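Chain letters run A, B, ... following the sequence lines, proteins first, then strands; residues in each count from 1. These numbers come from a predicted model, not from an experiment.
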2 protein chains.
Amino acid sequence: MDLDLDTVRTFVAAADAGQFQEAAAELAVTQQAVSKRIAALERNLGVRLFTRTARGAELTIDGQAFLPHARELLRVAERAVTSVRTGRRPLRVDVIASRGAATGLMRGFHRVYPDIELDVVMLFDIDTAVAAIRSGAIDASFRAVAMPGRPLPEDIESVRVLDEPLQLLTGPAHALAGARSVTVAQLAGHRIWMPGVVPGTEWAAYYDDLVAEFGLTIEATGPNFGSDALLDTVADTPALATFMGEQMRLVWPAGHGLRRIPLTDPTPVYPHSLLWHRDNPHPALATLRAHLAAAAAGLDAAGTWTPNWVTPR
Amino acid sequence: MDLDLDTVRTFVAAADAGQFQEAAAELAVTQQAVSKRIAALERNLGVRLFTRTARGAELTIDGQAFLPHARELLRVAERAVTSVRTGRRPLRVDVIASRGAATGLMRGFHRVYPDIELDVVMLFDIDTAVAAIRSGAIDASFRAVAMPGRPLPEDIESVRVLDEPLQLLTGPAHALAGARSVTVAQLAGHRIWMPGVVPGTEWAAYYDDLVAEFGLTIEATGPNFGSDALLDTVADTPALATFMGEQMRLVWPAGHGLRRIPLTDPTPVYPHSLLWHRDNPHPALATLRAHLAAAAAGLDAAGTWTPNWVTPR
DNA sequence: ATCGGCCACAACCAGCGGTTGTACCTCTAG
DNA sequence: CTAGAGGTACAACCGCTGGTTGTGGCCGAT
């Protein structure tokens, strides 16, 4: 069984017209073609959709039930096409990780502006994102930090939109597992494991600064086998802990007793910025920027830490 | 431009597999067929969806943006097909008029149980509805009243689920237009116009009883040109008023100054009942009945009027 | 440098889905 | 009652879409 959108369109036209002939005229085909399409659709679905009368065709109950689904199908097909049509396409935003803070911000935006069509993609790194912004392939990008000593191109604008506090993630047997909160100084001497942090990226620079300033021990070695494997290991290893953004949503392994512990004194935060092209005329981009600016106005930098090279607020 | 669902399915399979060969194997076609389908899709959309590499094909940014729409399209197509598949199909409910109280009840049900799939149809009269319930073409029907002296067949069960108060609808120049509420007795001598009430139906019987008991003047004559025409006429004719269910949502003609005036002493109510087949095993039907029973428990019959032949509460 | 894995292009062919022509049904008008 | 209008279905025909097999080219790994 496979629906054919042309046939579905024919069905909707016939249902609206109340007869095959008129639908055929609208669709610029012969009445016989419509008759055959509907017959094929009915054969495929295994139900009768119209009762043929002397002055047309009217929907059966099955046809009535099918009609809204058919309309929805055409709507979705239309949206799918416009999602890749250049010009008046949905706002296309790149987020850094599907469960991170950027996704949360976009969800919040969508709640406030449900009528603004959005497409979300995930690019590999900030260089790809900047190139995509310049080429117009995307309209905006959430990036955690700017690289030290490497300013953005002049035609790319950016603004800090969210500071996401870092939390410590430990297993139940970890020495700090019972703490309600932990100061950064207390972490000295504990092993912090951050696999998958690629040297040379903004993340590596961020943790390098954190280590240098507070004398932590961060092991960035080892390949990233995915967050599931990371969580399993942390849960089972009393001597290991890791960092994680406060808003990161996890597929929480049941019964592992993992703890999320806030960091204080100061609280290291991931600075999230929105990047876009100076000349991008997409109307929804202005709305997004205004929305995020309003949301960011409530941020409080007191007691937080970031490397000194990040984009200022 | 017209999407082909088979092609879209191929696109999703290729995106998931990361290469055309594996997608081809899953779809039981040759690699060349997949290649041609994707090429055709890209040509139709006017964008490149994959970048071909030596070890497969990975999504472009456009491809990433298109992917969720493609998945959605397949989901909707799947739902469309199941909506007419016998067995495990969505709960199919007949409502008496698209903007009436029954629709409101179903919306409330959908809010509480958003995961229960629903299809709503509108049948012509109670006889059609009963036949459809007995044949299994629909699972339940909202009907306003039972006919006097014509009990439901034994295999059809029903329960009162809502009493919808009647309101008076007048134009701005009507004698009662300024009233906050109107007693039924005050209506004596005023012309109430109810075009489109077909003699012999439950509606006709309802208004016959109302007339007989309170001495009103109801004109049921004339064809029904639709609610728009009715509203226009009522708005422009000082001597005319009509009845309307409290929950009826109207396409309110702007600037016509129409007034909805509650009726009291007593308040005539449309009794809405849910009808279903004794032996219908659809699990969602039990949920709907329980939901409506809970909602109906809060009804208060004090000060209301119905004909004495309606299904008791 | 060669091999393996993957995608694209070419040639071919079956069948889907269109067209025209016609039959049949039903309601209505004379 | 009959004839005509308006609507749908069936039959025959055919072009083109979309599959197949065969083959070549590209890229990365050994």
- Task: Could you state the atom-to-atom distance from CD of B:Gln31 to P of D:dG19 in whole Å?
- Result: 13 Å
- Item | Between C1' of D:dG19 and CG of B:Asp4, the distance in whole Å | 13 Å
- Verify the contact: side-chain N or O of A:Arg37 to OP1 or OP2 of C:dG18, cut-off strictly under 4.0 Å; return yes or no. yes
- Between D:dG28 (C1') and B:Arg55 (CZ): distance, integer Å: 7 Å
- Message: Counting C-beta onward and ignoring hydrogens, is there a side-chain heavy-atom pair between A:Ile192 and A:Tyr207 closer than 4.5 Å?
- Response: no
- From NZ of B:Lys36 across to C1' of D:dT23 the rounded distance in Å is 15 Å
- Task: Identify which nucleotide among C:dT19, D:dT8, C:dC7 has an atom closest to any side-chain atom of B:Ala57, counting heavy atoms from C-beta outward.
- Result: C:dC7
- Counting just side-chain N and O atoms, does B:Ser35 come under 4.0 Å of either OP1 or OP2 of C:dC7? no
- Item | Sidechain N-carboxylate O distance under 4.0 Å for B:Arg75, B:Glu72 | yes
- Task: Determine the interplanar angle of the B:Phe50 and B:Phe20 rings, folded into 0 to 90°, and report it as parallel if under 30°, tilted if 30 to 60°, perpendicular if over 60°.
- Result: perpendicular
- Message: Closer than 4.0 angstrom, basic N to acidic O: yes or no for B:Arg143 and B:Asp94?
- Response: yes
- Task: Measure from CZ on A:Arg52 to P on C:dC27 and round the result to the nearest Å.
- Result: 17 Å
- Let me know, please, whether B:Gln19 or B:Gln32 comes out on the 5' side of the other along DNA chain C by nearest nucleotide. B:Gln19
- Message: Expressed as a whole number of angstroms, how long is the span from B:Asp2:CG to C:dC16:P?
- Response: 19 Å
- Mind checking whether A:Asp62 and A:Arg48 have side chains closer than 4.5 Å, heavy atoms only? no
- Separation of D:dG19 P from B:Asp6 CG (nearest whole Å): 7 Å
- Message: Can you measure B:Arg43 atom CZ to D:dG18 atom C1' for me and round it to whole angstrom units?
- Response: 11 Å
- Message: Heavy atoms from C-beta onward define the side chain here; which of C:dC27, D:dT20, C:dA8 lies closest to that of A:Ala54?
- Response: C:dC27
- Message: Once you apply a heavy-atom cut-off of 4.0 Å, does B:Val34 come out as touching a base, just sugar-phosphate, or nothing?
- Response: nothing
